[in-house]
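Here is the structure we will look at.
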There are 2 protein chains.
Amino acid sequence: MDVARSEVFEAGTPTACRSCQARHGVVCGALSNAQLKELNRHSLRRKVDAGSEIIAQGSESSFYSNITRGVIKLCKMMPDGRQQIVGLQFAPDFVGRPFVRESTLSAEAATDAEICVFPRNLLDRMIAETPELQRSLHDQALNELDAAREWMLTLGRRTAEEKVASLLHLIATHAEPQTAISTAFDLPLSRAEIADFLGLTIETVSRQMTRLRKRGVILIENSRHIVVPDMDELQKISA
Amino acid sequence: MDVARSEVFEAGTPTACRSCQARHGVVCGALSNAQLKELNRHSLRRKVDAGSEIIAQGSESSFYSNITRGVIKLCKMMPDGRQQIVGLQFAPDFVGRPFVRESTLSAEAATDAEICVFPRNLLDRMIAETPELQRSLHDQALNELDAAREWMLTLGRRTAEEKVASLLHLIATHAEPQTAISTAFDLPLSRAEIADFLGLTIETVSRQMTRLRKRGVILIENSRHIVVPDMDELQKISA
DNA sequence: CGCGGACTTGAGCCTGTTCAAAAGTCGTGG
DNA sequence: CCACGACTTTTGAACAGGCTCAAGTCCGCG
């Protein structure tokens, strides 16, 4: 239906894209209307429940996606079951690994989410034809690289308390449009996932959270909903 | 002199580049002869002693470089002095952060090294004009991202012993063309630098190295020169 | 209301740190 | 050629931050 309508406006934006979170994101923001239309014709919107896997570690993936709602976590798993989250992605990020088919990590919905899925071949062709798109994806890759390296510092050199404070700060600044000083948000991650992100155990994460609560740095409601009265204080504790 | 000679062959490879380690690397391998010539005309070969800084964290850098010899370490430093190495780069890697002028990390020679330095403006222009170059740099960025995430797993989830074994394995496979099974190489890093890479202390690194030595997994000569009789064994210990 | 999963709390332990000293290593100069 | 001094590395002993194991509590949901 949406596709049929967009056929009418040869050069117009597909209706499905008009109100899309990712319309001006890394991929779609770099496309011409004609390209957007073609991509849309081969795209599929998909709802994914929290916890369900989008890409499996070690598998060959023949598609890419844009996140249009929710949070996606990127995980690495060791054969013995130890796990590390190596990245979080929010709408309207692009998910996928250009140039290499086999994935060295898994992508999993952290919250209920919505993604727009399209074939690898098609986007690969567009990348080759569209310097602007290549540039845009290159830019996202470099930003993710900066984020990964920042996180390496956290994993290697910060204490448990600093780690937890860092994560809360990260999520507060990414997930919610914070007000001037105070911020409130829902954690997209369970305690177990936070632990896997920070290289800690569930118990340590829990203890550090209650320590922060008792110090008045955060308020915890429902264990998922967090209020930060003073973001500067939180950042100071993150070191 | 080299420049003068290369002027003669309008379309030829500059002589300075003919025997260069980086000639077919990420940047120069993607350039036309004319571009290579232009880049060469504005390039400067520079020797850097081990320990000297190439780019300072927080500074604005107006140049990029190619590594033509040696090993460069990328570091992040906290205000209180804690430090984390977030990447190692070997010849013929490209060093620099396209699109962003201010560096969030410092680049420092780990060994005596040689780099080929060229102006940021010039390469930025070439990137914009040369899809192949953009693609090549994009590719390096994605490879570095994979490496960074692999290292996040190491930092977050591996034990001290596994960390040390992982680093030895990494260096063995990058620095030296290993023989079938056994490998010998010089460590480009001091114990302190290894500790900063692995998120450990000097003492723990030293203890784990002697443990590996006593188990016969490695031989240590001069504390910098390492022999690995069986790489598979080392990899197994890295988990 | 009772069940199940997620989260919190507690006690003891262990890995890796801290602090301290000894042993190499290397360059310099007598 | 060896002695000296600075620095890196190794080794030792005590400590502590975070882990493990084990209950207990909270909360959503049928």
Side-chain angles (χ1 to χ4, degrees), chain A residues 49-51 73 78 80-84 110-112 154-168 186-215 217-226 237 239, chain B residues 49-51 73 78 80-84 110-112 154-168 186-215 217-226 237 239:
Chain A
D49 296 332
K73 57 178 181 166
M78 293 170 64
D80 62 11
R82 281 178 283 179
Q83 200 173 16
Q84 176 70 43
T111 61
D112 288 344
T154 300
L155 289 172
R157 289 303 182 200
R158 289 198 229 261
T159 64
E161 177 177 62
E162 292 168 343
K163 284 179 177 180
V164 170
S166 297
L167 181 66
L168 292 176
D186 280 311
L187 280 176
L189 304 178
S190 69
R191 296 291 185 275
E193 290 170 319
I194 294 174
D196 281 340
F197 201 172
L198 297 173
L200 299 170
T201 58
I202 301 179
E203 295 93 328
T204 301
V205 171
S206 181
R207 276 186 254 271
Q208 296 300 335
M209 299 265 300
T210 62
R211 273 194 57 184
L212 290 175
R213 176 172 56 72
K214 285 180 180 166
R215 282 215 270 157
V217 180
I218 59 173
L219 310 180
I220 304 178
E221 311 160 2
N222 256 347
S223 89
R224 279 294 185 119
H225 194 78
I226 305 289
I237 295 171
Chain B
D49 296 332
K73 57 178 179 166
M78 293 170 65
D80 62 10
R82 282 178 284 178
Q83 199 174 16
Q84 175 70 43
T111 62
D112 288 345
T154 299
L155 288 172
R157 289 302 182 201
R158 288 197 230 263
T159 64
E161 176 177 64
E162 292 168 343
K163 284 179 177 181
V164 170
S166 297
L167 181 66
L168 293 176
D186 281 311
L187 280 176
L189 303 177
S190 68
R191 295 292 184 272
E193 290 170 318
I194 294 174
D196 280 339
F197 201 174
L198 297 174
L200 298 171
T201 58
I202 301 179
E203 295 92 329
T204 301
V205 171
S206 181
R207 277 186 253 271
Q208 295 301 335
M209 299 264 299
T210 61
R211 273 193 58 185
L212 290 175
R213 177 171 56 73
K214 284 179 181 168
R215 282 214 271 156
V217 180
I218 58 173
L219 310 179
I220 304 178
E221 310 161 3
N222 256 348
S223 88
R224 279 292 186 124
H225 193 77
I226 305 289
I237 295 171

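None of these values were measured; they are calculated from a predicted model. In what follows, chains are A, B, ... by sequence order, proteins preceding strands, each numbered from 1.
Residue B:Val205 is tested with B:Leu167, B:Leu200, B:Asp196 for a side chain to side chain contact (heavy atoms under 4.5 Å, CB included); the sole match is B:Leu200.
Using modelled atom types, no side-chain atom of A:Arg191 and backbone atom of A:Ser206 make a donor-acceptor pair closer than 3.5 Å. Put simply, the side chain of A:Asp112 gets close to the backbone of A:Ala50: a donor and an acceptor are under 3.5 Å apart. Between the A:Arg82 side chain and the B:Arg157 main chain, a donor and an acceptor come within less than 3.5 Å of each other. Using modelled atom types, one side-chain atom of A:Gln84 and one backbone atom of A:Phe197 make a donor-acceptor pair closer than 3.5 Å.
At a cut-off of 3.5 angstrom, the base of D:dT20 holds at least one donor-acceptor pair with the side chain of A:Arg207.
Look at B:Arg213 and you won't find any side-chain N or O under 4.0 angstrom from OP1 or OP2 of D:dT10. Contact annotation: B:Thr210 does not reach the phosphate of D:dT10 (side-chain N/O to OP1 or OP2, under 4.0 Å). For B:Asn222 and C:dC26, the shortest distance from a side-chain N or O to OP1 or OP2 is below 4.0 Å.
Within the helix from C:dC1-D:dG30 to C:dG30-D:dC1, the inter-axis angle between the opening and closing five-pair segments is 30°, rounded to 10°.
The CD-C1' distance, from A:Glu221 to C:dC7, rounds to 16 Å in whole Å. Remark: C1' of C:dC7 and CG of A:Leu189 are 15 Å apart, rounded to the nearest angstrom. If you measure from atom NE2 of B:His225 to atom P of C:dC26, you get 13 Å, rounded to the nearest angstrom. Atom CZ in A:Arg211 sits roughly 20 Å away from atom P in C:dC7 (whole-Å rounding). In this entry the distance linking CD1 of A:Ile218 with P of C:dC7 reads 14 Å, nearest Å. At whole-Å resolution of the value, CD in A:Glu203 and P in C:dC13 are 17 Å apart. When the P atom of C:dG16 is taken as reference, atom CG of B:Leu200 falls 7 Å away, rounded to whole Å. The nearest whole Å value for the distance from the CE atom in B:Met209 to the C1' atom in D:dT9 is 10 Å.
Within the nucleic acid shown, A:Arg224 comes within 4.0 Å of sugar-phosphate atoms alone, with no base atom in reach, counting heavy atoms only. Within 4.0 Å of B:Ser206, counting heavy atoms only, lies at least one base atom of the nucleic acid. Using a 4.0 Å heavy-atom cutoff across all strands shown, B:Thr204 reaches at least one base atom of the nucleic acid.
Taking CG of A:Asn222 as the reference point, atom CG of A:Leu187 lies at 11.0 Å (rounded to 0.5 Å).
Of the candidate nucleotides C:dG16, D:dT10, C:dT18, D:dT10 has the atom lying nearest to any side-chain atom of B:Ile202.
Positionally, the nearest nucleotide of DNA chain C for A:Ser223 lies more toward the 5' end than for the other of A:Arg157 and A:Ser223.
Inter-residue side-chain proximity for B:Ile226 and B:Ile220 is flagged as met; some heavy-atom pair is nearer than 4.5 Å.
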